[in-house]
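Comments concern the structure below.
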Amino acid sequence: MTPRRASYANAGDSAHAAAISDGGIVAKSIWEVADDIEEGRLIEVLRGWKGPERPIYAVDPSIRYRAQRVSVFVSFLTEQLKARSIV
């Protein structure tokens, strides 16, 4: 298979949309594409390859004054990532 052309995107959403539209191979975090793989919109092509780990941070100016909705969101996000075996 010969690529038609090289494309570069500095926005993850654009690269994701291109991959779904048969636009080539992209390197994305599994948590960003897991649903598309499960639904058959994307396939893994370099299953053994693993890119560099990139941490996810929840930045909050002060835990002392943290809004409850922020705490709920961080807990929700943590549980979702754990459920997908990402953290």
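Here, residue 1 is the first one in the sequence, and each next residue gets the next number. Every heavy atom of this structure was used, including side-chain atoms; hydrogens, water molecules and symmetry mates were not.
- Closest heavy-atom contact between Arg41 and Asp36: NE-OD1, 2.6 Å.
- Linking ILVMFWY residues whenever their side-chain heavy atoms come closer than 4.5 Å, directly or via other members, leaves Ile37 and Ile43 in distinct clusters.
- Smallest separation of non-hydrogen atoms from Val26 and Ala15: CG1-O, 3.4 Å.
- Around CD of Glu44, the count of heavy atoms belonging to other residues, nucleotides or ligands within 6.0 Å exceeds 12.
- Note: the hydrophobic cluster containing Phe76 does not contain Leu81 (ILVMFWY, side chain heavy atoms under 4.5 Å, direct or indirect links).
- Put simply, CG on Asp35 and CG on Leu42 are 10.5 Å apart, with the number rounded to the nearest 0.5 Å.
- The minimum heavy-atom distance linking His16 with Glu32 is given by the pair CE1-O, 3.2 Å.
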